[in-house]
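Below, chain A is the first sequence line, B the second, and so on; all start at residue 1.
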Amino acid sequence: MKNAPNSEAEADCIRRILAGEKQLFHELIRPCERPIYFLLISILRNEAEAEDAAQETVLKIYRNLHLFRGESQFRTWALSIARNEGLGRLRKSETRREDSLDALSDDQAGDFTPAILTSWREVPSLALEQKELAAVLRQAIDGLPEIYRNVVLLRDIEEMDVREAAAALGTTEGAVKVRLHRARALLQRTLAPRLKGFAPMRGGLFGWATKKRDETGRDQKRRDRDESR
Amino acid sequence: MRIECKHVWQYISAYIDGEVDADLRAEIDKHLETCEICSAVLDSTRNVVVLYADDRVFELPTGFSERLHERLEKKWKCPDREPAGDITSNECQRWRLRGTLGVKSGPMSLEEVEDPRCADVWEYCSVFSRCVAVS
(Lines give C-alpha, C1' and ligand atoms only; values in the text may rest on other atoms or scores of the structure.)
Protein backbone atom coordinates (compact mmCIF):
# COMPACT_ATOMS: atom_id res chain seq x y z
CA MET A 1 0.00 0.00 0.00
CA LYS A 2 1.06 3.52 -0.68
CA ASN A 3 3.02 5.15 2.12
CA ALA A 4 2.35 2.51 4.74
CA PRO A 5 2.89 4.21 8.07
CA ASN A 6 5.02 3.02 10.92
CA SER A 7 2.67 1.09 13.17
CA GLU A 8 4.44 2.09 16.38
CA ALA A 9 4.20 5.76 15.54
CA GLU A 10 0.59 5.17 14.64
CA ALA A 11 -0.17 3.45 17.96
CA ASP A 12 1.50 6.31 19.80
CA CYS A 13 -0.52 8.81 17.81
CA ILE A 14 -3.75 6.99 18.68
CA ARG A 15 -2.83 6.96 22.39
CA ARG A 16 -2.23 10.70 22.30
CA ILE A 17 -5.50 11.38 20.51
CA LEU A 18 -7.38 9.35 23.11
CA ALA A 19 -5.55 11.24 25.81
CA GLY A 20 -6.94 14.47 24.40
CA GLU A 21 -4.72 15.64 21.54
CA LYS A 22 -7.52 15.37 19.03
CA GLN A 23 -5.82 17.55 16.43
CA LEU A 24 -3.46 14.65 15.77
CA PHE A 25 -6.40 12.77 14.32
CA HIS A 26 -6.10 14.88 11.16
CA GLU A 27 -2.68 13.39 10.50
CA LEU A 28 -3.72 9.89 11.49
CA ILE A 29 -6.57 9.80 9.00
CA ARG A 30 -4.87 11.53 6.09
CA PRO A 31 -3.21 8.40 4.61
CA CYS A 32 -6.59 6.61 4.77
CA GLU A 33 -8.56 9.21 2.86
CA ARG A 34 -7.88 7.89 -0.62
CA PRO A 35 -8.57 4.21 0.07
CA ILE A 36 -11.69 5.07 2.07
CA TYR A 37 -13.08 7.21 -0.73
CA PHE A 38 -12.24 4.79 -3.50
CA LEU A 39 -13.65 1.82 -1.64
CA LEU A 40 -16.84 3.80 -1.08
CA ILE A 41 -17.10 4.95 -4.65
CA SER A 42 -16.60 1.37 -5.69
CA ILE A 43 -19.51 0.32 -3.51
CA LEU A 44 -21.82 3.30 -4.04
CA ARG A 45 -20.83 4.42 -7.56
CA ASN A 46 -21.81 7.97 -6.91
CA GLU A 47 -19.27 10.69 -6.19
CA ALA A 48 -21.40 12.86 -3.95
CA GLU A 49 -22.66 9.95 -1.90
CA ALA A 50 -19.20 8.42 -1.65
CA GLU A 51 -17.85 11.71 -0.33
CA ASP A 52 -20.62 12.02 2.23
CA ALA A 53 -20.13 8.39 3.25
CA ALA A 54 -16.38 9.01 3.52
CA GLN A 55 -16.99 11.91 5.88
CA GLU A 56 -19.37 9.84 7.98
CA THR A 57 -16.85 7.02 8.03
CA VAL A 58 -14.12 9.31 9.30
CA LEU A 59 -16.40 10.67 12.02
CA LYS A 60 -17.23 7.10 13.03
CA ILE A 61 -13.57 6.18 13.08
CA TYR A 62 -12.90 9.09 15.40
CA ARG A 63 -15.79 8.25 17.66
CA ASN A 64 -14.81 4.61 17.89
CA LEU A 65 -11.08 5.07 18.06
CA HIS A 66 -11.01 3.76 21.62
CA LEU A 67 -12.27 0.45 20.27
CA PHE A 68 -9.28 -0.03 17.97
CA ARG A 69 -7.19 -2.74 19.54
CA GLY A 70 -4.21 -2.75 17.24
CA GLU A 71 -4.82 -6.31 16.16
CA SER A 72 -4.86 -5.23 12.54
CA GLN A 73 -3.37 -2.25 10.79
CA PHE A 74 -5.21 0.94 11.51
CA ARG A 75 -6.03 1.40 7.84
CA THR A 76 -7.47 -2.09 7.57
CA TRP A 77 -9.71 -1.32 10.50
CA ALA A 78 -10.63 2.06 9.04
CA LEU A 79 -11.49 0.44 5.71
CA SER A 80 -13.72 -2.13 7.32
CA ILE A 81 -15.68 0.75 8.87
CA ALA A 82 -15.87 2.37 5.43
CA ARG A 83 -17.07 -0.87 3.91
CA ASN A 84 -19.80 -1.21 6.53
CA GLU A 85 -20.86 2.37 5.95
CA GLY A 86 -21.03 1.78 2.19
CA LEU A 87 -22.91 -1.51 2.43
CA GLY A 88 -25.30 -0.04 5.00
CA ARG A 89 -26.17 2.79 2.64
CA LEU A 90 -26.55 0.40 -0.23
CA ARG A 91 -29.00 -1.70 1.71
CA LYS A 92 -31.03 1.34 2.65
CA SER A 93 -31.05 2.64 -0.87
CA GLU A 94 -34.27 1.96 -2.69
CA THR A 95 -32.52 1.95 -6.01
CA ARG A 96 -30.30 -1.01 -5.39
CA ARG A 97 -28.08 -1.87 -8.24
CA GLU A 98 -28.75 -5.15 -9.95
CA ASP A 99 -25.30 -6.52 -9.36
CA SER A 100 -24.96 -5.53 -5.75
CA LEU A 101 -24.31 -7.61 -2.68
CA ASP A 102 -25.67 -11.12 -2.95
CA ALA A 103 -26.02 -11.16 -6.71
CA LEU A 104 -22.46 -12.34 -7.14
CA SER A 105 -20.29 -15.04 -5.72
CA ASP A 106 -16.85 -16.36 -6.45
CA ASP A 107 -18.06 -19.56 -8.08
CA GLN A 108 -20.01 -17.56 -10.59
CA ALA A 109 -19.38 -18.87 -14.07
CA GLY A 110 -17.88 -16.38 -16.42
CA ASP A 111 -15.75 -16.06 -19.46
CA PHE A 112 -12.35 -14.78 -18.50
CA THR A 113 -10.63 -15.50 -21.80
CA PRO A 114 -8.30 -12.66 -22.66
CA ALA A 115 -8.52 -10.53 -25.77
CA ILE A 116 -6.16 -12.03 -28.28
CA LEU A 117 -3.98 -9.40 -29.82
CA THR A 118 -1.21 -10.52 -32.04
CA SER A 119 0.30 -7.10 -32.24
CA TRP A 120 0.09 -5.33 -28.92
CA ARG A 121 1.86 -2.10 -28.49
CA GLU A 122 2.04 -0.54 -25.09
CA VAL A 123 0.19 2.65 -24.45
CA PRO A 124 2.58 5.17 -22.93
CA SER A 125 1.57 6.40 -19.53
CA LEU A 126 2.16 9.87 -20.93
CA ALA A 127 -1.06 9.34 -22.87
CA LEU A 128 -2.86 9.68 -19.54
CA GLU A 129 -2.55 13.41 -20.02
CA GLN A 130 -5.47 12.86 -22.34
CA LYS A 131 -8.58 13.06 -20.19
CA GLU A 132 -10.30 10.71 -22.60
CA LEU A 133 -7.96 7.84 -21.81
CA ALA A 134 -8.41 8.23 -18.05
CA ALA A 135 -12.17 8.27 -18.58
CA VAL A 136 -12.03 5.05 -20.61
CA LEU A 137 -10.07 3.36 -17.81
CA ARG A 138 -12.45 4.58 -15.12
CA GLN A 139 -15.48 3.47 -17.08
CA ALA A 140 -14.04 -0.01 -17.53
CA ILE A 141 -13.46 -0.39 -13.81
CA ASP A 142 -16.86 1.06 -13.03
CA GLY A 143 -18.35 -1.56 -15.33
CA LEU A 144 -16.90 -4.45 -13.33
CA PRO A 145 -19.12 -6.43 -10.97
CA GLU A 146 -18.77 -5.03 -7.47
CA ILE A 147 -16.76 -7.85 -5.91
CA TYR A 148 -14.12 -7.45 -8.62
CA ARG A 149 -14.20 -3.67 -8.58
CA ASN A 150 -13.51 -3.52 -4.84
CA VAL A 151 -10.51 -5.79 -5.17
CA VAL A 152 -9.06 -3.84 -8.10
CA LEU A 153 -9.43 -0.60 -6.18
CA LEU A 154 -7.67 -1.90 -3.09
CA ARG A 155 -5.04 -4.13 -4.67
CA ASP A 156 -4.02 -2.33 -7.85
CA ILE A 157 -5.00 1.25 -7.26
CA GLU A 158 -4.31 1.58 -3.55
CA GLU A 159 -1.57 -1.07 -3.70
CA MET A 160 -2.66 -2.93 -0.59
CA ASP A 161 -1.24 -6.40 -0.09
CA VAL A 162 -3.43 -9.48 -0.37
CA ARG A 163 -3.73 -9.96 3.37
CA GLU A 164 -4.80 -6.42 4.08
CA ALA A 165 -7.24 -6.29 1.18
CA ALA A 166 -8.82 -9.55 2.37
CA ALA A 167 -9.15 -8.20 5.91
CA ALA A 168 -10.64 -4.91 4.75
CA LEU A 169 -13.16 -6.69 2.52
CA GLY A 170 -13.98 -9.36 5.05
CA THR A 171 -13.00 -12.19 2.76
CA THR A 172 -10.20 -14.70 2.29
CA GLU A 173 -6.84 -14.15 0.63
CA GLY A 174 -7.72 -16.87 -1.86
CA ALA A 175 -10.88 -15.02 -2.86
CA VAL A 176 -8.94 -11.79 -3.29
CA LYS A 177 -6.46 -13.50 -5.61
CA VAL A 178 -9.16 -15.15 -7.70
CA ARG A 179 -11.16 -11.94 -7.96
CA LEU A 180 -8.13 -9.90 -8.90
CA HIS A 181 -7.17 -12.37 -11.59
CA ARG A 182 -10.66 -12.33 -13.04
CA ALA A 183 -10.95 -8.59 -12.80
CA ARG A 184 -7.68 -8.07 -14.64
CA ALA A 185 -8.73 -10.60 -17.28
CA LEU A 186 -12.02 -8.75 -17.79
CA LEU A 187 -10.23 -5.42 -17.92
CA GLN A 188 -7.66 -6.69 -20.38
CA ARG A 189 -10.43 -7.94 -22.61
CA THR A 190 -12.41 -4.73 -22.44
CA LEU A 191 -9.54 -2.31 -22.54
CA ALA A 192 -6.77 -3.76 -24.65
CA PRO A 193 -8.63 -3.47 -27.97
CA ARG A 194 -9.72 0.07 -27.12
CA LEU A 195 -6.37 1.20 -25.79
CA LYS A 196 -4.63 0.35 -29.01
CA GLY A 197 -6.21 3.48 -30.38
CA PHE A 198 -4.28 5.56 -27.86
CA ALA A 199 -0.85 4.37 -28.89
CA PRO A 200 0.95 7.00 -30.93
CA MET A 201 1.93 6.06 -34.47
CA ARG A 202 5.50 6.91 -33.78
CA GLY A 203 7.11 7.43 -30.48
CA GLY A 204 10.37 7.20 -28.70
CA LEU A 205 10.96 5.44 -25.46
CA PHE A 206 9.92 8.40 -23.40
CA GLY A 207 6.73 7.96 -21.53
CA TRP A 208 6.36 4.24 -21.98
CA ALA A 209 4.47 2.78 -19.09
CA THR A 210 6.99 1.48 -16.63
CA LYS A 211 6.78 -2.20 -15.93
CA LYS A 212 5.88 -2.99 -12.36
CA ARG A 213 7.88 -6.15 -12.29
CA ASP A 214 9.80 -8.47 -14.53
CA GLU A 215 11.32 -5.88 -16.77
CA THR A 216 13.22 -7.85 -19.36
CA GLY A 217 14.78 -7.00 -22.64
CA ARG A 218 12.49 -9.50 -24.28
CA ASP A 219 9.53 -7.18 -24.14
CA GLN A 220 11.34 -4.43 -25.96
CA LYS A 221 12.46 -6.85 -28.63
CA ARG A 222 8.92 -7.99 -29.09
CA ARG A 223 7.73 -4.45 -29.47
CA ASP A 224 10.35 -3.78 -32.07
CA ARG A 225 9.32 -6.89 -33.90
CA ASP A 226 5.68 -5.88 -33.82
CA GLU A 227 6.45 -2.41 -35.07
CA SER A 228 8.40 -3.69 -38.03
CA ARG A 229 5.38 -5.54 -39.38
CA MET B 1 6.29 -30.98 -21.38
CA ARG B 2 5.01 -27.88 -23.07
CA ILE B 3 2.25 -25.99 -21.30
CA GLU B 4 -0.75 -24.70 -23.21
CA CYS B 5 -1.84 -21.11 -23.72
CA LYS B 6 -4.93 -21.55 -21.54
CA HIS B 7 -2.73 -22.77 -18.73
CA VAL B 8 -0.58 -19.65 -19.05
CA TRP B 9 -3.64 -17.36 -18.99
CA GLN B 10 -4.71 -18.84 -15.67
CA TYR B 11 -1.50 -17.61 -14.12
CA ILE B 12 -1.15 -14.24 -15.85
CA SER B 13 -2.21 -12.26 -12.80
CA ALA B 14 -0.07 -14.24 -10.37
CA TYR B 15 2.84 -14.00 -12.83
CA ILE B 16 2.55 -10.22 -12.99
CA ASP B 17 2.54 -10.08 -9.18
CA GLY B 18 5.55 -12.38 -8.96
CA GLU B 19 3.49 -14.97 -7.11
CA VAL B 20 4.23 -18.08 -9.18
CA ASP B 21 6.88 -20.50 -8.00
CA ALA B 22 10.20 -20.75 -9.79
CA ASP B 23 9.38 -23.92 -11.75
CA LEU B 24 6.10 -22.62 -13.10
CA ARG B 25 7.68 -19.29 -13.86
CA ALA B 26 10.39 -21.01 -15.90
CA GLU B 27 7.74 -22.94 -17.82
CA ILE B 28 5.75 -19.82 -18.52
CA ASP B 29 8.86 -17.94 -19.60
CA LYS B 30 9.74 -20.73 -21.97
CA HIS B 31 6.25 -20.66 -23.44
CA LEU B 32 6.37 -16.89 -23.83
CA GLU B 33 9.60 -17.09 -25.82
CA THR B 34 7.76 -18.74 -28.66
CA CYS B 35 4.11 -17.78 -28.22
CA GLU B 36 3.31 -14.34 -29.54
CA ILE B 37 -0.30 -14.53 -28.44
CA CYS B 38 0.50 -15.19 -24.81
CA SER B 39 3.27 -12.58 -24.89
CA ALA B 40 0.76 -10.04 -26.17
CA VAL B 41 -1.79 -11.08 -23.55
CA LEU B 42 0.81 -10.69 -20.82
CA ASP B 43 2.06 -7.35 -22.12
CA SER B 44 -1.41 -5.96 -22.59
CA THR B 45 -2.63 -7.13 -19.18
CA ARG B 46 0.39 -5.64 -17.48
CA ASN B 47 0.10 -2.39 -19.36
CA VAL B 48 -3.62 -2.14 -18.61
CA VAL B 49 -2.84 -2.57 -14.89
CA VAL B 50 -0.05 0.01 -15.00
CA LEU B 51 -2.32 2.49 -16.75
CA TYR B 52 -5.35 2.22 -14.53
CA ALA B 53 -3.19 2.19 -11.40
CA ASP B 54 -1.76 5.57 -12.37
CA ASP B 55 -2.65 8.28 -9.87
CA ARG B 56 -4.02 10.45 -12.65
CA VAL B 57 -6.81 7.99 -13.40
CA PHE B 58 -8.39 7.94 -9.98
CA GLU B 59 -8.12 11.27 -8.28
CA LEU B 60 -9.91 12.48 -5.21
CA PRO B 61 -12.49 15.15 -6.03
CA THR B 62 -11.09 18.68 -5.78
CA GLY B 63 -11.31 19.94 -2.22
CA PHE B 64 -12.24 16.50 -0.84
CA SER B 65 -9.65 16.53 1.89
CA GLU B 66 -10.33 20.12 2.92
CA ARG B 67 -14.06 19.44 3.22
CA LEU B 68 -13.43 16.29 5.23
CA HIS B 69 -11.17 18.01 7.75
CA GLU B 70 -13.49 20.99 7.97
CA ARG B 71 -16.34 18.67 8.83
CA LEU B 72 -14.24 17.08 11.54
CA GLU B 73 -13.40 20.45 13.02
CA LYS B 74 -17.01 21.49 12.85
CA LYS B 75 -18.06 18.33 14.62
CA TRP B 76 -15.52 18.91 17.34
CA LYS B 77 -16.63 22.48 17.85
CA CYS B 78 -20.29 21.56 17.78
CA PRO B 79 -21.04 18.24 19.37
CA ASP B 80 -24.76 18.67 18.60
CA ARG B 81 -25.67 18.65 22.21
CA GLU B 82 -27.81 20.77 24.44
CA PRO B 83 -25.15 22.78 26.12
CA ALA B 84 -24.88 22.57 29.84
CA GLY B 85 -24.13 25.50 32.05
CA ASP B 86 -20.56 24.56 32.67
CA ILE B 87 -19.51 24.44 29.05
CA THR B 88 -17.48 27.47 28.28
CA SER B 89 -17.24 27.12 24.53
CA ASN B 90 -19.39 29.78 22.88
CA GLU B 91 -19.57 27.66 19.78
CA CYS B 92 -21.30 24.89 21.69
CA GLN B 93 -23.74 27.23 23.29
CA ARG B 94 -24.96 28.48 19.94
CA TRP B 95 -26.37 25.13 19.04
CA ARG B 96 -29.16 22.95 20.33
CA LEU B 97 -31.16 20.04 19.05
CA ARG B 98 -34.38 20.88 17.28
CA GLY B 99 -37.67 19.16 17.86
CA THR B 100 -38.67 16.44 20.18
CA LEU B 101 -35.75 14.17 19.80
CA GLY B 102 -35.45 13.69 23.48
CA VAL B 103 -32.59 16.00 24.24
CA LYS B 104 -30.81 14.66 27.24
CA SER B 105 -30.67 17.07 30.06
CA GLY B 106 -28.15 17.39 32.77
CA PRO B 107 -24.77 18.98 32.76
CA MET B 108 -22.07 17.80 30.42
CA SER B 109 -18.63 18.68 31.53
CA LEU B 110 -16.05 20.14 29.21
CA GLU B 111 -13.99 16.98 29.69
CA GLU B 112 -16.89 14.92 28.40
CA VAL B 113 -17.28 17.07 25.33
CA GLU B 114 -13.58 16.81 24.57
CA ASP B 115 -13.46 13.09 25.20
CA PRO B 116 -13.85 11.02 22.01
CA ARG B 117 -15.64 8.39 24.07
CA CYS B 118 -18.68 10.55 24.50
CA ALA B 119 -19.22 9.76 20.87
CA ASP B 120 -22.60 8.09 21.21
CA VAL B 121 -24.18 11.47 21.75
CA TRP B 122 -22.69 12.76 18.52
CA GLU B 123 -23.70 9.61 16.75
CA TYR B 124 -27.23 10.08 18.01
CA CYS B 125 -27.38 13.61 16.73
CA SER B 126 -25.76 12.94 13.38
CA VAL B 127 -28.51 10.47 12.57
CA PHE B 128 -31.01 13.27 12.63
CA SER B 129 -28.75 16.12 11.55
CA ARG B 130 -31.16 18.64 12.87
CA CYS B 131 -29.15 21.30 14.52
CA VAL B 132 -30.22 24.89 14.43
CA ALA B 133 -28.43 27.96 15.55
CA VAL B 134 -29.97 29.63 18.53
CA SER B 135 -29.69 33.33 18.12
Side-chain angles (χ1 to χ4, degrees), chain A residues 17-18 20 22 25-26 29-30 33-34 37-38 47 51 54-56 58-60 62-66 112-120 122-123 125 128-129 133-134 137-138 140-141 152-153 156-157 159 177 180-181 184-185 187-188 191-192 195 209-214 218-219 222-223, chain B residues 5-6 8-19 25 29 32-33 36-61 63-65 67-76 111 114-123 126-127:
Chain A
I17 294 166
L18 291 175
K22 66 182 176 190
F25 184 73
H26 288 298
I29 204 67
R30 230 174 269 281
E33 289 173 18
R34 258 186 73 98
Y37 176 76
F38 289 121
E47 281 191 19
E51 177 161 350
Q55 292 183 359
E56 276 303 321
V58 169
L59 293 174
K60 280 184 182 165
Y62 179 74
R63 286 196 294 259
N64 292 293
L65 197 59
H66 64 287
F112 302 99
T113 320
I116 309 296
L117 311 161
T118 48
S119 161
W120 165 258
E122 284 185 28
V123 180
S125 57
L128 282 168
E129 299 297 340
L133 173 57
L137 294 164
R138 278 195 297 270
I141 288 172
V152 164
L153 263 299
D156 282 340
I157 295 171
E159 297 177 14
K177 286 182 188 177
L180 184 63
H181 172 73
R184 285 170 173 174
L187 290 169
Q188 187 269 356
L191 286 169
L195 293 182
T210 324
K211 295 269 191 336
K212 268 185 163 175
R213 298 179 181 91
D214 185 46
R218 201 175 63 243
D219 297 308
R222 192 173 301 116
R223 275 203 299 268
Chain B
C5 295
K6 279 191 177 174
V8 172
W9 298 345
Q10 276 174 19
Y11 290 99
I12 289 280
S13 188
Y15 182 94
I16 289 174
D17 289 340
E19 286 172 358
R25 187 169 195 91
D29 284 340
L32 291 170
E33 288 287 349
E36 285 191 23
I37 290 174
C38 287
S39 300
V41 168
L42 174 67
D43 283 351
S44 57
T45 306
R46 189 159 42 196
N47 191 224
V48 161
V49 173
V50 168
L51 285 173
Y52 70 60
D54 191 290
D55 284 344
R56 285 167 292 183
V57 176
F58 285 91
E59 289 176 323
L60 285 172
F64 172 88
S65 194
R67 288 190 292 275
L68 175 71
H69 291 272
E70 269 170 30
R71 183 153 171 200
L72 261 176
E73 287 288 345
K74 201 171 161 189
K75 202 73 174 173
W76 287 340
E111 283 76 14
E114 295 287 339
D115 189 336
R117 281 169 291 188
C118 76
D120 53 66
V121 178
W122 303 359
E123 167 85 40
S126 75
V127 171

**Prompt:** Is Glu19(B) atom CD crowded by more than 12 heavy atoms from other residues, nucleotides or ligands, each under 6.0 Å away?
**Reply:** yes
Of Asp17(B), Ile12(B), Val48(B), the one forming a side chain to side chain contact (heavy atoms under 4.5 Å, CB included) with Arg184(A) is Asp17(B)
Under the 3.5 angstrom rule, does the side chain of Ser44(B) hit a backbone N or O of Ala192(A) as a donor-acceptor pair? no
The interface call for Glu59(B) against chain A, heavy-atom contacts under 4.5 Å, is backbone
Greatest number of non-hydrogen atom pairs under 4.5 angstrom with chain B, of Leu133(A), Leu153(A), Val58(A), falls to Val58(A)
Honestly, the part of Ala140(A) sitting under 4.5 Å from a heavy atom of chain B is neither
Okay, Leu187(A) and chain B: the region with an atom under 4.5 Å from a heavy atom over there is both
Hits for ring-ring contact (aromatic ring centres under 6.0 Å, His included) against His181(A), two or more places apart or cross-chain, chain-then-number order -> none
Is the backbone of Lys60(A) close enough, under 3.5 Å, to the side chain of Asn64(A) for a donor and an acceptor to pair up by distance?
-> yes
From the list Arg138(A), Arg30(A), His26(A), Lys177(A), the residue making the most non-hydrogen contacts under 4.5 Å with chain B is His26(A)
